[in-house]
Amino acid sequence: MINFRNNTTKLRENKNEILDANSIINEQMNEVIKGIKSKLNTISSQHDAEVTLTGKIDKFTLSVKSESDESANIIEKLVNDYLK
C-alpha cells in the first residue's frame, strides 16, 4: 500500500487583487497533486511505500521511502512521467 502525504505550503494569496496569480497557481497545483495521488492509487496494491511531497506548492520535492528499490523506482518514474 502506498501512503501519500502532501506537506506542501500554498502560496500567499492576496484577496484584494481581482486576478491573483498565487491563487491561480495554488488551484492548478492542487489539481496536479490530485493527479499524482490518483496515479499512485493505480499501483498501490502492488507496492509498499511512503510518498511525501514537501516545499512550496509550486516547487515541491518528492520523497519515496520503500524497502524495495523496484517500488521506489516505479513510483518516481510514474510521478516524473505525469509531471512532463
Side-chain angles (χ1 to χ4, degrees):
M1 177 176 188
I2 295 177
N3 293 323
F4 181 79
R5 290 187 184 164
N6 179 10
N7 292 338
T8 58
T9 305
K10 291 185 177 185
L11 301 176
R12 182 180 294 233
E13 297 180 9
N14 185 350
K15 301 293 182 185
N16 297 327
E17 295 289 325
I18 294 172
L19 275 177
D20 180 27
N22 287 349
S23 64
I24 294 168
I25 292 169
N26 286 339
E27 288 177 33
Q28 290 175 339
M29 292 308 294
N30 277 333
E31 291 302 315
V32 169
I33 291 170
K34 284 180 189 176
I36 291 171
K37 189 174 181 180
S38 174
K39 288 288 186 183
L40 292 174
N41 286 337
T42 63
I43 62 167
S44 66
S45 63
Q46 303 165 1
H47 302 280
D48 287 327
E50 184 175 308
V51 178
T52 307
L53 299 179
T54 56
K56 294 267 187 184
I57 198 164
D58 65 333
K59 197 172 191 180
F60 58 80
T61 304
L62 173 73
S63 170
V64 180
K65 292 182 183 177
S66 177
E67 292 181 9
S68 167
D69 288 339
E70 179 186 3
S71 292
N73 290 337
I74 289 170
I75 291 167
E76 288 175 1
K77 182 176 180 345
L78 183 99
V79 172
N80 288 332
D81 288 348
Y82 179 79
L83 293 174
K84 287 183 182 178

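Atom set for the values below is all heavy atoms of this structure, side chains included, hydrogens, waters and symmetry mates excluded.
- Cluster membership for L62 and M1, using ILVMFWY side-chain heavy atoms within less than 4.5 angstrom, is not shared.
- Hydrophobic cluster membership differs between I24 and I57, with clusters built from Ile, Leu, Val, Met, Phe, Trp and Tyr side chains linked at under 4.5 angstrom.
- Residues F4 and I36 come closest through the heavy atom pair CE1-CG2, 4.1 Å.
- Separating the CG atom in L53 from the CD1 atom in I33 is a distance of 5.5 Å, to the nearest 0.5 Å.
- Transitive grouping of hydrophobic side chains (ILVMFWY, heavy atoms separated by less than 4.5 Å) keeps M29 and L19 in distinct clusters.
- Each salt bridge (Lys or Arg N to Asp or Glu O under 4.0 Å) pair with one or both residues in residues 24-39, not counting sequence neighbours, appears once here: E31-K34.
- Sorted by first and then second residue, the salt bridge (Lys or Arg N to Asp or Glu O under 4.0 Å) pairs with a member in residues 59-80 read K77-D81; sequence neighbours excluded.
- The stretch residues 11-26 participates, sequence neighbours left out, in these salt bridge (Lys or Arg N to Asp or Glu O under 4.0 Å) pairs: E13-K15.
- With sequence neighbours left out, S71 forms a side-chain contact (heavy atoms from CB on, under 4.5 Å) with H47, S66, S68.
- For the salt bridge (Lys or Arg N to Asp or Glu O under 4.0 Å) condition, the pairs that include at least one residue of residues 2-11, sequence neighbours left out, are R5-E50.
- Listed by chain and residue number, T8 satisfy the side-chain hydrogen bond (donor to acceptor under 3.5 Å, both in side chains) test with N6 (two or more places apart in sequence, or in another chain).
- The minimum heavy-atom distance between D58 and L11, with the atom names listed, is OD1-CD2, 3.7 Å.
- Proximity of L40 to L78: side-chain heavy atoms (C-beta onward) are separated by under 4.5 Å at one or more points.
- Between T52 and T54, the shortest heavy-atom contact is CG2-CG2, 3.8 Å.
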